[in-house]
Amino acid sequence: VQLQASGGGLVQAGGSLRLACAASGIILRINAMAWYRQAPGKQRELVALITTVGATNYADSVKGRFTIARDNAKNMVYLQMNSLKPEDTAVYYCNSAPRRFQWGQGTQVTVSS
């Protein structure tokens, strides 16, 4: 199983980024998927979740700014992040929800003030 996150980078506050997660070795359509993040010195947290039928849920801190989506045919999960804030700075990972697979490398998102 591989979960490869990409699309991170350095962006100014108020900017946008779109993260992508390429999943291999799993049947994506039968898994609820989520984006998680881990900021320096903090525990990893779930920020967005999408069920097998496309229902979504978000952490309060990102609600209204982030949008999770999935493309089962391409085995991809996406996270559109708008109105980014410095506190969104973290390494972002994708995995199932609840987490069942080994963590991939993640992608660094840095938001400057």
Would you say [Y] ends up clustered with [X] if hydrophobic residues are merged whenever their side chains have heavy atoms under 4.5 Å apart, either directly or through other cluster members?
X: Val111; Y: Leu19; value: yes
X: Met33; Y: Phe66; value: yes
X: Val1; Y: Met76; value: no
X: Ile50; Y: Met81; value: yes
X: Val11; Y: Trp35; value: yes

Just do the side chain to side chain contact (heavy atoms under 4.5 Å, CB included) check on Tyr36 and Trp103 with the steps written out, would you? CA-CA 10 Å; Tyr36 303 78; Trp103 293 110; 3.6 Å; yes

Does [X] reach the main-chain N or O of [Y] with its side chain, forming a donor-acceptor pair under 3.5 Å?
X: Asn95; Y: Phe101; value: yes
X: Arg65; Y: Ser83; value: yes
X: Arg70; Y: Leu28; value: yes
X: Asn75; Y: Ser24; value: no

Heavy-atom closest pair (Pro86 atom, Ala13 atom, distance to 0.1 Å) is CD-CB, 4.1 Å

Looking at every non-hydrogen atom in both residues, tell me the closest pair between Gly8 and Thr107 and how far apart they are.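 That would be N-OG1, 3.0 Å.
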
Please examine the side chains of [Y] and [X], heavy atoms only from C-beta on, and report whether any two atoms are closer than 4.5 Å.
X: Thr67; Y: Tyr58; result: yes
X: Leu3; Y: Ile26; result: yes
X: Leu49; Y: Ile68; result: no
X: Val109; Y: Arg37; result: no

Considering only NZ, NE, NH1 and NH2 on the basic side and carboxylate oxygens on the acidic side, decide whether Asp88 and Lys85 come within less than 4.0 Å. no

[atom1]/[X]: more than 12 non-hydrogen atoms of other groups inside 6.0 Å:
X: Arg99; atom1: CZ; answer: yes
X: Glu87; atom1: CD; answer: yes
X: Lys63; atom1: NZ; answer: yes

Residue pair Tyr92, Cys21: steps toward the side chain to side chain contact (heavy atoms under 4.5 Å, CB included) verdict: CA-CA 10 Å; Tyr92 285 71; Cys21 173; over 6 Å; no

Is the NZ or CZ atom of Arg44 positioned over Tyr93's six-membered ring, under 6.0 angstrom from the centre and within 45° of the axis? yes

Applying side chain to side chain contact (heavy atoms under 4.5 Å, CB included), run through Thr89 and Gln108 and close with a yes or a no. CA-CA 8 Å; Thr89 295; Gln108 175 71 48; 4.0 Å; yes

